[in-house]
Amino acid sequence: MGQLIQVNKNSYPKNSPKLAWGCIAALMCLFSTTVYAQPHFSAQRERMVLIQLKSRDIYHNATLEAMGKVPRHLFVPEDIQAYAYADHALSIGHGQTISQPYIVAFMTQAIRPKKDHKVLEIGTGSGYQAAVLAEIVDSVYTIEIVDILAREAEKRLKRMQYNNVKVRSGDGYHGWPEEAPFDAIVVTAGAEEIPMALFDQLKEGGKMVMPLGPHGGIRQLVRITKKKGEIRIQEMMAVRFVPFTRDKN
Ligand code: SAH
């Protein structure tokens with residue numbers, strides 16, 4: 001030890017600038033990898049809630065809290081995680097997308113979710129919308145027609161301990177009759193008409209939100225309410241969604 005100090009003492013004035021620059025470079029390197037390569041996701045999420053949701057028309061507290069909590073970057077492919085909190089939809093592979101954060105929040109707010117609600121979702125995709133709902137309601141049942149997406153979402157949700165979400169692989173057109181009735185239904189794929197089996201599985205007073213309209217075009221996001229067994233439709237906004245497909249088997 002003593003020897004080492006002596007040697008260092010002699011060389012100290014000559015080497016110190018090099019040493020100092022080395023340290024600065026190392027620190028800068030560390031800083032840039034932390035700041036740029038691993039973006040601060042929680043700060044991005046906070047900004048997303050403020051700029052994309054609160055400053056528009058998302059005011060439902062439980063929805064805002066859930067959007068501020070669910071780590072959206074873990075629901076998109078790793079190579080595009082840096083864009084997870086951007087103000088648009090993203091591709092999740094297999095020709096499908098994860099909806100824009102604003103649309104997820106809007107649809108969540110539109111069904112007026114409550115703590116004791118049982119909700120059905122058609123179109124699990126990445127599982128993100130299901131996770132947002134699961135933060136608010138008692139239980140979520142979600143169906144995905146692309147088998148690999150259903151299995152990946154199920155694994156992801158389990159890993160993240162969303163134990164109140166059940167995922168089913170298959171055509172959601174017929175709903176989930178064994179678990180009906182539901183307080184609310186969220187359809188995250190655009191359909192040309194209202195799937196009546198889904199409407200039948202709504203509780204009296206229940207709400208179903210879905211993109212409705214002609215294939216390939218702009219659809220209307222509608223809120224359907226079951227009032228004395230009858231359909232009440234309210235148009236909410238123009239949207240673009242991937243299509244509601246049907247299982248041919
Ligand atoms: N809610 C998703 C986004 C879904 S995109 C998320 O948060 O990531 C719409 C999804 O609906 C796609 O994954 C598509 O495969 C699925 N889909 C389309 N038609 C369907 C049907 N008949 N039954 C179940 N899922 C369907």
Side-chain angles (χ1 to χ4, degrees), residues 41 44 48 52 67 70-108 110-111 119-134 140-160 162 165-176 185-198 208-222 224 236-249:
F41 291 122
Q44 289 190 24
M48 171 193 87
Q52 301 174 35
M67 295 294 295
V70 179
R72 181 172 162 94
H73 60 282
L74 300 181
F75 290 83
V76 306
E78 234 172 285
D79 58 333
I80 56 166
Q81 275 190 348
Y83 309 102
Y85 297 94
D87 196 12
H88 50 74
L90 290 167
S91 165
I92 52 168
H94 313 279
Q96 303 305 333
T97 56
I98 177 173
S99 307
Q100 179 189 5
Y102 171 67
I103 295 291
V104 173
F106 189 93
M107 290 176 92
T108 307
I111 59 162
V119 177
L120 174 68
E121 182 198 20
I122 308 300
T124 317
S126 67
Y128 177 66
Q129 170 80 75
V132 170
L133 289 166
V140 179
Y141 294 81
T142 178
I143 310 176
E144 171 56 54
I145 202 166
V146 178
D147 186 57
I148 176 94
L149 285 178
R151 281 188 280 129
E152 281 173 4
E154 186 176 32
K155 257 195 269 164
R156 179 176 299 125
L157 290 161
K158 210 166 258 169
R159 200 168 48 233
M160 297 169 82
Y162 282 106
V165 183
K166 298 241 169 353
V167 182
R168 177 182 269 186
S169 171
D171 185 349
Y173 186 78
H174 304 289
W176 199 315
I185 301 179
V186 175
V187 181
T188 67
E192 280 161 65
E193 53 198 48
I194 301 169
M196 284 317 286
L198 298 183
M208 169 153 89
V209 61
M210 66 181 294
L212 195 61
H215 182 81
I218 305 260
R219 301 180 213 251
Q220 271 295 319
L221 191 64
V222 300
I224 295 154
M236 304 188 95
M237 71 164 127
V239 284
R240 224 176 243 288
F241 262 84
V242 295
F244 193 102
T245 52
R246 297 298 318 282
D247 195 349
K248 306 280 182 308
N249 304 319

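For clarity, every value in this text was computed on a predicted model and none was experimentally measured. Sequential numbering from 1 along the given sequence is applied to the chain's residues.
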Check: Taking it one step at a time, do Leu120 and Ile143 satisfy side chain to side chain contact (heavy atoms under 4.5 Å, CB included)?
Finding: CA-CA 8 Å; Leu120 174 68; Ile143 310 176; 4.2 Å; yes
Next item on the list: May I ask you to test the Gln81-Leu74 pair for a side-chain heavy-atom distance under 4.5 Å?
Entry: yes
Check: Who pairs with Thr124 by side chain to side chain donor-acceptor pair (under 3.5 Å), at least two apart in sequence or on another chain?
Finding: Thr142
Check: Which atom names give the shortest non-hydrogen contact between Ala130 and Glu121, and what distance separates them?
Finding: CB-OE1, 3.6 Å
Check: Which value, rounded to the nearest 0.5 Å, describes the distance between Tyr102 atom OH and Met107 atom CE?
Finding: 12.0 Å
Notebook entry, point to check: Taking atom CZ of Arg72 and atom CD1 of Ile98, what is their separation to the nearest 0.5 Å?
Noted result: 4.0 Å
Next item on the list: With sequence neighbours excluded, tell me which residues meet side chain to side chain donor-acceptor pair (under 3.5 Å) with Asp171.
Entry: Arg246
Checklist line | Side-chain (Arg219) to main-chain (Pro211) donor-acceptor, under 3.5 angstrom | finding: no
Item checked: Any donor-acceptor N/O pair, Thr188 side chain to Gly123 backbone, under 3.5 Å -> yes
Next item on the list: Kindly compute the distance separating CD1 (Ile218) from CD (Gln220), expressed to the nearest 0.5 Å.
Entry: 9.5 Å
Notebook entry, point to check: Closest heavy-atom contact between Leu198 and Ile185?
Noted result: O-CD1, 3.2 Å
Margin query: So Ile103 and Phe241, do their side chains get closer than 4.5 Å, heavy atoms only?
Written below: yes
Checklist line | Residue pairs passing the salt bridge (Lys or Arg N to Asp or Glu O under 4.0 Å) test where at least one lies in residues 143-153, sequence neighbours excluded | finding: Asp147-Arg151
Item checked: Close side-chain approach of Phe75 and Met160, heavy atoms under 4.5 Å -> yes
Check: Do the side chains of Leu90 and Ile92 get nearer than 4.5 Å, heavy atoms only?
Finding: no
Item checked: Side-chain heavy atoms of Ile122 within contact of Ile145, under 4.5 Å -> no
Item checked: Considering all heavy atoms, the nearest Gln52-Pro101 contact -> OE1-CG, 3.6 Å
Notebook entry, point to check: Could Arg168 and Tyr141 be counted as a cation-pi pair, given that NZ or CZ must be under 6.0 Å from the ring centre and within 45° of the axis?
Noted result: no
Next item on the list: Sort out for me which residue in Leu133, Val70, Val140, Val167 forms a side chain to side chain contact (heavy atoms under 4.5 Å, CB included) with Tyr162.
Entry: Val70
Check: Residues two or more places apart in sequence or in another chain: which of them pass side chain to side chain donor-acceptor pair (under 3.5 Å) with Ser99?
Finding: none
Next item on the list: Apply side chain to side chain donor-acceptor pair (under 3.5 Å) to Tyr85 and list each qualifying residue two or more places apart in sequence or on a separate chain.
Entry: Arg45, His73
Margin query: Tell me the closest heavy-atom pair linking Gly125 and Ala153, and the distance in Å.
Written below: O-CB, 3.7 Å
Note to self: Applying side chain to side chain contact (heavy atoms under 4.5 Å, CB included), can you list everything that pairs with Ala191, at least two apart in sequence or on another chain?
What the structure shows: Met210, Phe244
